[in-house]
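I have placed the structure first, in the form of structure tokens, so that the comments after it can refer back to it.
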Amino acid sequence: AFDDDDAYNERALAALADYVVVQGYDLHNLNDRRAGPVAAVRGWGRLNWGAIADRYAALGVPPGKVVMAAPLYGYRWPTVSGEPGSETRGSGVAIPLTAPADVLPDLPRARSEAAAHGLRRDPESGAPYYVYQDAQGAWFQGWFDDETSLREKFGFVRERGLGGVALFPLIYGDAGVWAVLREVRPER
């Protein structure tokens, strides 16, 4: 999303391609030092879609060519505390929003974990997350996207006049996600 090492010429790529699909996720990643939203629309300094869209606009990439990729997964990290943005105590684990039982059966599901531990919503980003302590008192935080946060992402894309949203990976979605897509898709 940010290309801090300037490895790509985004303006040239946009001139050649119909769309530029921007990785709008992993803004907090599996090995991050802090837990937080995987794909925030707002807040968290520059770790949000607003900063990404502003960067592409400053590079001269036409907004209609920018497609933001959004995750249907998140991460659960071992953390120092239950406070949002807490330091992590190690690598996280991927948590699909939901997925068929035979797809990555050893991974926890974000929707199930949030139901078990209590769904919270970050006031800064609007991202859903959950927090809990295990039997030994160790803290964990799981951050992901759900229908509410995806609806906000789709609204952001429309407000900014961007080219669309790409969801990844589709197998982690479910009827609730598809209902939001039907609700927000543009009229034809």
Side-chain angles (χ1 to χ4, degrees), residues 1-5 22-52 68-154 156 165-180:
F2 294 106
D3 189 23
D4 291 330
D5 296 325
V22 177
Q23 182 177 332
Y25 55 91
D26 276 5
L27 300 178
H28 284 92
N29 63 58
L30 194 63
N31 297 307
D32 220 309
R33 291 182 23 247
R34 295 197 172 276
V38 178
V41 170
R42 63 186 186 284
W44 295 78
R46 79 172 193 152
L47 299 178
N48 65 66
W49 280 25
I52 294 167
M68 295 296 294
L72 293 178
Y73 69 90
Y75 298 115
R76 181 188 66 200
W77 293 275
T79 57
V80 171
S81 77
E83 289 299 310
S86 172
E87 286 186 42
T88 59
R89 295 179 288 111
S91 294
V93 62
I95 51 171
L97 176 61
T98 186
D102 62 339
V103 175
L104 303 171
D106 296 335
L107 292 180
R109 304 308 198 234
R111 196 181 306 282
S112 298
E113 293 232 322
H117 301 295
L119 178 69
R120 300 177 184 202
R121 196 120 346 237
D122 175 46
E124 187 175 352
S125 67
Y129 71 103
Y130 58 90
V131 173
Y132 70 95
Q133 286 181 285
D134 68 12
Q136 290 74 43
W139 286 100
F140 292 85
Q141 292 184 29
W143 292 75
F144 59 99
D145 273 293
D146 65 1
E147 291 84 358
T148 300
S149 61
L150 288 170
R151 187 175 287 110
E152 183 176 2
K153 285 172 176 46
F154 299 140
F156 173 86
V165 175
L167 297 175
F168 174 79
L170 293 177
I171 197 150
Y172 294 175
D174 63 8
V177 171
W178 313 142
V180 170

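In this chain, numbering begins with 1 at the start of the sequence shown. The structure displayed is predicted, hence computed values, not measured ones.
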I need the [X] [atom1] to [Y] [atom2] distance, nearest 0.5 Å.
| X | Y | atom1 | atom2 | value |
| --- | --- | --- | --- | --- |
| R121 | D146 | CZ | CG | 4.0 Å |
| L97 | D145 | CG | CG | 8.5 Å |
| D32 | E87 | CG | CD | 11.0 Å |
| I95 | L72 | CD1 | CG | 12.5 Å |
| E113 | R76 | CD | CZ | 4.5 Å |

Discussion item. Taking the cut-offs as 6.0 angstrom to the six-membered ring centre and 45 degrees off its axis, would you call R109 and Y172 a cation-pi pair?
Written reply: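 Not satisfied by the 6.0 Å and 45° rule.
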[X] side chain to [Y] main-chain N or O, any donor-acceptor pair under 3.5 Å?
| X | Y | result |
| --- | --- | --- |
| N48 | A51 | yes |
| Q141 | G36 | no |
| S86 | V80 | yes |
| D122 | A127 | no |
| W49 | G24 | yes |

Fill in: Set of residues satisfying side chain to side chain donor-acceptor pair (under 3.5 Å) with respect to T79, sequence neighbours excluded
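Side chain to side chain donor-acceptor pair (under 3.5 Å) check on T79 returns nothing, list empty.
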I'd like to check [X] versus [Y] (side-chain heavy atoms, cut-off strictly below 4.5 Å). Are they in contact?
| X | Y | result |
| --- | --- | --- |
| F144 | V38 | no |
| P71 | F168 | no |
| P37 | L47 | no |
| W178 | L167 | yes |

Worksheet entry | Positive for ring pair (Phe, Tyr, Trp, His ring centres under 6.0 Å) with W143, one of Y75, Y129, Y73, Y25 |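 Of Y75, Y129, Y73, Y25, ring pair (Phe, Tyr, Trp, His ring centres under 6.0 Å) with W143 is met by Y129 alone.
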Fill in: Enclosure of E83 CD (heavy-atom neighbours >12, cutoff 6.0 Å)
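12 or below, so no.
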Closest approach of [X] and [Y], non-hydrogen atoms and distance?
| X | Y | answer |
| --- | --- | --- |
| A39 | L27 | CA-CD1, 4.2 Å |
| G118 | Y130 | O-CB, 3.5 Å |
| G126 | S149 | O-CB, 4.3 Å |
| L107 | A94 | CD2-O, 3.6 Å |
| R89 | A138 | NH2-CB, 3.5 Å |
| A70 | L150 | CB-CD2, 4.2 Å |

Discussion item. Is the ring pair H28/W77 parallel, tilted or perpendicular, if the boundaries are 30 and 60 degrees?
Written reply: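 Perpendicular.
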Worksheet item: For W139, what residues pass the ring-ring contact (aromatic ring centres under 6.0 Å, His included) criterion, not counting sequence neighbours?
Response: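 So W139 forms no ring-ring contact (aromatic ring centres under 6.0 Å, His included) with any residue.
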